[in-house]
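One structure is given below, encoded as structure tokens.
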Amino acid sequence: MSSSNITQDELNEIYQFAIQLSKTAGRAILQGSSKRFSSSAGSDFKKNSADLVTETDQAVETLVKQSISSKFPDHEFIGEESWAAGEENPISDGVVWIVDPIDGTTNFVHGFPYTCISIGVVVNGEAKIGVVYAPFLDTLYHGCKGKGSFVSCPHNPAPRRLPLENPPQLTDLNQALVAFEWGSDRRAHILDKKLASFRKITGDTTGGVEGGKMVRGVRSIGSAALNFCHVASGNLDLYWEIGCWAWDVCAGVVIAKEAGAAVVGSKAHASSVIEVKGEEFNKVTPEILTARKYLVVRKIKEEKSENEEAQKHILNEFYSCVDEWDP
Ligand code: LIP
């Protein structure tokens, strides 16, 4: 598709449609949940026993893909299950929907409520719309380029702008609550790097862990999209993962950036943009969206340049102590 010059009204129409579509998908996820243990449903393995897919993943993706195609026939679609079926489409210069029908499939299978649909929309190579809806929690996160990001939930149904409140001080990693996922690739050479990184970010240097950063805590909730939303909200300070995909993170990237968070890719990418001044920092290109290495840190300061400097310090401190691998 040729590059798209959509108007603000057209962008808003897409945004509102994506929000409503996430609720429709959420109802389908809840219906699927009620029969996820029936003999016909169940779950299958993808890469291994930790990488699951269910009939509901596939049914929800079909529902979402058909709804988008009916409403916006010239838009393009990238989805986790379509990709798995061989539709490995690139992120073009058009309007591209990047969707994970159930982010947190393992959580869905086990009835752990941190599962959601993640709907991202990229226009001319820039992620501009993000919608994440967690149906078991009835919690909706959404954001649009230049319009901020918001959350609504049962005890606060009116959308609240993100980040939510002034979180604790974050000048060094030892003040941070971080999210770190084990993912589904458990081969020895990768697990060794994950374990070494885990040891470094949690370890106590005064207790013999050389270079330990002693973060306050680590959370692994099993959903990249919801990790990004918690960083956007300010109740996680940082989230790092290697191995998830563009459909896991696209919506979360928009929601987090609209809440003042900063997103980088690999160590090499981070070092290339942290040192330079100007707009390259926090610019998430299609190459970064698809590179499967993501690190996001929450908004730290109100003033833009002070915030960027504080975020760059945390990003540098984190990447100085973890091991990296290719997924
Ligand atoms: C999940 C990601 C999570 C990762 C899991 C899995 P899925 O996505 O959101 O960050 O650690 O391995 O990839 O597969 O449930 O859509």
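We count ligands from 1, going down the list as the structure has it; atoms in each ligand are counted the same way. None of these values were measured; they are calculated from a predicted model.
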Within residues 212-237 or reaching into it, pairs that qualify as ring pair (Phe, Tyr, Trp, His ring centres under 6.0 Å) - sequence neighbours excluded: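 Qualifying pairs, neighbours excluded: Phe228-Tyr239.
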Those residues that, when tested against Ser22, pass side-chain hydrogen bond (donor to acceptor under 3.5 Å, both in side chains) (two or more places apart):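 For Ser22 there are no side-chain hydrogen bond (donor to acceptor under 3.5 Å, both in side chains) partners, ignoring immediate neighbours.
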Centroid-centroid under 6.0 Å between Phe180 and Trp240 rings: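 For Phe180 and Trp240, the ring centres are under 6.0 Å apart.
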Between side-chain atoms of residues 149-157 and protein atoms elsewhere (two or more places apart, or another chain), which donor-acceptor pairs fall under 3.5 Å?
{"unit_1": "Ser149", "atom_1": "OG", "unit_2": "Ile255", "atom_2": "O", "d": "2.8"}

Ring geometry between Phe108 and Phe136 (parallel below 30°, tilted from 30 to 60°, perpendicular above 60°):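 It falls in the tilted class, 30° to 60°.
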Contact residues of ligand 1 (heavy atom under 4.0 Å), by chain and number: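 Under the 4.0 Å cut-off, ligand 1 touches Glu80, Asp100, Ile102, Asp103, Gly104, Thr105, Glu181, Gly183, Ser184, Gly222, Ser223, Ala224, Tyr239, Glu241, Asp248.
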Worked verdict on Glu258 versus Lys145 for salt bridge (Lys or Arg N to Asp or Glu O under 4.0 Å): CA-CA 7 Å; Glu258 284 301 309; Lys145 173 84 173 176; 5.4 Å; no
